[in-house]
Amino acid sequence: MALVLLPVLFLLTAATGWAAASASAWWLIAAVPLALLLLVGVYDLLQRRHSILRNFPVLGHARFLLEDIRPELQQYFIERNYDGRPFDRDTRTVIYERAKGIHGEQAFGTERDVAEIGYEYVVHSTAPLETGTKVPRVRIGGPDCTQPYDMALLNVSAMSFGALSANALRALNAGAAAGGFAHDTGEGGLTRYHLAGGGDLIWEIGSGYFGTRTKNGDFDPEIFRDKAAHPQVKCVSLKLSQGAKPGIGGVLPAAKVTREIAEARGVPQGEKCVSPPAHQVFHTPRELVRFIAGMRELSGGKPTGFKLCVGSRRELLAVCKAMLAEQVTPDFIVVDGSEGGTGAAPLEFEDHVGMPLTEGLITVHNALVGTGLRDRIKIGASGKVSTGIDLVKRISQGADYTNAARAMMMAVGCIQAQMCHTNKCPVGVATQDPRRARALDVADKSVRVRRFQQATVAQAQQIIAAMGLAGPHELTPAMLHRRIDHTTVRSYAELYDWLEPGELLVDAPADWAADWAAADPDRFSPLIRTTRGATV
C-alpha cells in the first residue's frame, strides 16, 4: 500500500504545485492539503510505534480516528469485521493499555451484568493483605527430571514460525527474555527466530515432528537430542491435540509455506502443510508415557510433558493407569481449552469439538489427584487467558500456571483482523509477506510484550492479596463463585465433585467408576453411549 499511495501523493503534489506556480494560485487549495498528506505518509512510513501505519500510511489513521470518536463505534466494527468470538471491549482495552504502559483504572463502575447467568467473581477478604513484591514461580520437574525449571504464572503459548512472522516471534522471545517468562515455539519447529531474543523456550513437538523429522516424516531422535541440548530450551512438550481443532493436525496454508519455512519444517515449498491427526511414535497410552520418558532422557533430563484438549475422560484415565503401571510421569500437562484460537481451522471444530478449558482443566486435575499423581505433575492452562482474573480463576480450578497466545499476539500488535490464513495480516503479525512483516518493529513490540505480561501477573497478585491470601498456592475452588440462575450462586467447590488423593485407586465414586473400570493402559478407547444411555 505504501509503495502505491506515497508515489501517487508525490505526483499529485508535484503536479498541483507546478500548476499553482505556472497557471493559477487557486491550485494551492489542492496542493497544500496534498503536501500535508504526503508529509503524514512519510512520517507514518518512518515511525516504528504503529505497525498498521507503516503498512497503511495515511489510511491507517482511520482506525485511530474511530478509537477517538467513540469506543462503542470501534466495538461495532470490531465485532462485525474481526473475531466471531472476540475478546470483549474491556478485555481488549486492558491488553492494549497494559502493553503500552497506560494506567489501567477507568471511570464509573462495572459494565458487566452481575445478574447475568454465568457471571463469575472471586471472594475478597475483609482483612486483605499488601500485594507481595516477590513474583511467584512454579517449579516444573518431577522425580525423574534432573534440570527443573521455574515457570512464570503467565507465559507465551504455542505459536509456530509460519503461523506468525519472524518479527513477531523475535519480539515475543525478546519480551520473554526481558520479563523472565517462557515462550512456547509451537509445533512448527525450533527456529532461529525463536532463539533470536535469548528468551527461555518450551520446544513443542507435534505429530508432524517438524524440525526433528526424518525424510519419511518420522521422529528423528538424534536431531531432537542435538536441538534439545540448546541452553535456551528449558522444557520439551509433546502436542497431542490443540483446543481450536482437536482431533485433526495443525494446518499452515500454502500461501504461508515459504522457502525458509519449508526448509525449517522439511516440507515442500508452496504446498499446504498439514500435520497428521495422530502420532506415529506411539499407539497406546503405555507407549505414550514411554515416549515421554525417552524424550526426557534425550533432552538430558529437562522437564518433559504433553499438551492436549481433553476429549474422552476414559482415555485420560487410561494414560493415568499407564503412568502408574510404567512408573513414569510427565513433568507437566498443558490443558488447552476448546475456546483457544488459531489461524486456520474448520468452523465446526472450533465451535463443537473438545472440552472447554474449565471442564478440561478440572477433569485433568481430578484424574491426577484421584490416581495419586498430582504432586508429581504440574498443570498449565491455555485458552483465552488474557487478564489477571483469568490467572486467578484457572489456578482456582486446578492449574499451576497459564499460557496465553491471542493476548500475546495483541500485545505485539495484532488487531484481530481474522486474515491469518490469507497471509495478508495488516500489521505484520501473522504473515510471511516480508513487506507486511517489516512493519512490526521488534524493539518496540518486545517492550509491549514484557509490559503486558508483568502488568497482568501483578494484577493477579493484587487480586490474590485482596482475597487475604499469601500467594496463588492458597487459591481453592471454594473462592470462585458462579451465578447459576437469577437467584442461585454456587462456588466451584459446590458445582463440581473434587476427588480426594488416591480415591480412584481405592474406591472410585459412582460418577467415575465406569470410566475408571474401562480405562485400558494398552489402548485408546473413547467412551461411547447409545441413545438409551448404555455404555459400549
Side-chain angles (χ1 to χ4, degrees), residues 94-95 98-99 104 121-125 127-142 145 147-157 172 175-184 199-202 234-235 237 302-303 305 330-335 357 361-362 364-365 368-369 374-405 407-408 411 449-480 492:
V94 164
I95 295 171
R98 286 179 179 165
Y121 62 94
V122 295
V123 178
H124 73 284
S125 172
L129 303 178
E130 293 290 336
T131 304
T133 56
K134 184 178 180 181
V135 180
R137 311 286 294 191
V138 179
R139 176 60 60 94
I140 309 294
C145 174
Q147 299 189 52
Y149 176 68
D150 292 333
M151 190 79 72
L153 291 186
L154 177 63
N155 306 278
V156 181
S157 194
L172 288 169
F181 51 96
H183 177 194
D184 193 312
D200 294 345
L201 291 172
I202 302 167
K234 303 300 183 182
C235 304
S237 178
K302 293 182 179 181
D331 300 294
F332 63 89
I333 297 174
V334 175
V335 182
L357 182 55
L361 179 57
I362 293 174
V364 171
H365 173 76
L368 295 179
V369 169
R374 184 65 177 88
D375 61 338
R376 303 176 60 167
I377 304 171
K378 293 298 189 291
I379 299 177
S382 67
K384 264 192 168 179
V385 174
S386 57
T387 64
I389 193 63
D390 289 335
L391 271 65
V392 173
K393 287 181 179 180
R394 297 313 179 188
I395 295 172
S396 298
Q397 293 166 348
D400 295 294
Y401 64 94
T402 64
N403 298 328
M408 291 292 182
V449 170
R450 175 188 57 78
R451 283 181 187 147
F452 166 70
Q453 193 272 350
Q454 291 182 339
T456 302
V457 172
Q459 187 63 79
Q461 288 183 268
Q462 189 175 34
I463 294 171
I464 291 169
M467 298 168 71
L469 306 178
H473 60 283
E474 294 187 353
L475 288 167
T476 68
M479 299 171 183
L480 177 60
Y492 269 75

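What you see is a predicted model, and the numbers here were worked out from it, not measured in a lab.
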Does the pair Val457 and Val135 meet the rule for a side-chain contact (heavy atoms from CB on, under 4.5 Å), with working shown? CA-CA 8 Å; Val457 172; Val135 180; 4.1 Å; yes
Please evaluate residues Val449 and Phe181 with respect to the criterion side-chain contact (heavy atoms from CB on, under 4.5 Å), reporting the C-alpha separation (whole Å), side-chain torsions for both, the decisive distance (0.1 Å), and the verdict. CA-CA 11 Å; Val449 170; Phe181 51 96; 3.9 Å; yes
Passes side-chain contact (heavy atoms from CB on, under 4.5 Å), Leu201 versus Lys234? Steps please. CA-CA 6 Å; Leu201 291 172; Lys234 303 300 183 182; over 6 Å; no
Check against side-chain contact (heavy atoms from CB on, under 4.5 Å), Leu129 and Leu469: CA-CA 7 Å; Leu129 303 178; Leu469 306 178; 5.7 Å; no
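The two residues Gly398 and Leu361 make their nearest non-hydrogen contact at C-CD1, 4.2 Å. When all heavy atoms of Pro330 and Gly305 are compared, the pair lying nearest together is CB-CA, 3.9 Å. Smallest separation of non-hydrogen atoms from Leu357 and Val335: CD1-O, 3.4 Å. Heavy-atom minimum distance, Arg98 versus Gly388: NH1-N, 3.8 Å. Among all heavy-atom pairs drawn from His183 and Ala176, the shortest one is CB-CB, 4.2 Å. Smallest separation of non-hydrogen atoms from Ala407 and Phe452: CB-CZ, 3.7 Å.
Between atom CG of residue Asp200 and atom CG of residue Asp184 there is a gap of 12.5 Å, rounded to the nearest 0.5 Å. In this structure, the separation between NZ on Lys378 and CD1 on Ile140 is 6.0 Å, given to the nearest 0.5 Å. Distance CD/Gln459 to OG1/Thr131: 8.5 Å, rounded to 0.5 Å. The line from NZ of Lys384 to CG of Asp390 is 10.0 Å long, rounded to the nearest 0.5 Å. A distance of 7.5 Å separates CG of Leu480 from CD1 of Ile389, quoted to the nearest 0.5 Å. Interatomic distance, NE2 of His124 versus CE of Met467, reported as 10.5 Å (0.5 Å rounding).
The only member of Arg139, Arg137, Arg374 that meets salt bridge (charged side-chain N to carboxylate O under 4.0 Å, His left out) when paired with Asp400 is Arg374. Among the candidates Leu391, Leu154, Ile95, the single residue satisfying the side chain to side chain contact (heavy atoms under 4.5 Å, CB included) test with Ser386 is Ile95.
Residue His473 places its NE2 atom among more than 12 non-hydrogen atoms of other residues, nucleotides or ligands, all under 6.0 Å distant.
Remark: side-chain polar atoms of Glu474 are paired, donor with acceptor, to backbone N or O of Ala470 under 3.5 angstrom. Without hydrogens or angle criteria, Asn403 side chain to Ser157 main chain gives no donor-acceptor distance under 3.5 Å. Side-chain atoms of Thr402 come within 3.5 Å of backbone N or O of Leu153 as a donor-acceptor pair. In this structure, Asp331 contributes its side chain and Gly142 its backbone to a donor-acceptor pair below 3.5 Å. In this structure, the side chain of Gln461 engages the main chain of Lys134 through a donor-acceptor pair within 3.5 Å.
Counting heavy atoms from C-beta on, the side chains of Ile464 and Leu475 come closer than 4.5 Å. Residues Phe332 and Ser237 meet the side-chain proximity criterion, which asks for heavy atoms closer than 4.5 Å. Side-chain contact check for Ser396 versus Pro477: every heavy-atom pair is 4.5 Å or farther apart.
In this view, Tyr149 satisfies the ring-ring contact (aromatic ring centres under 6.0 Å, His included) rule with no residue, not counting sequence neighbours.
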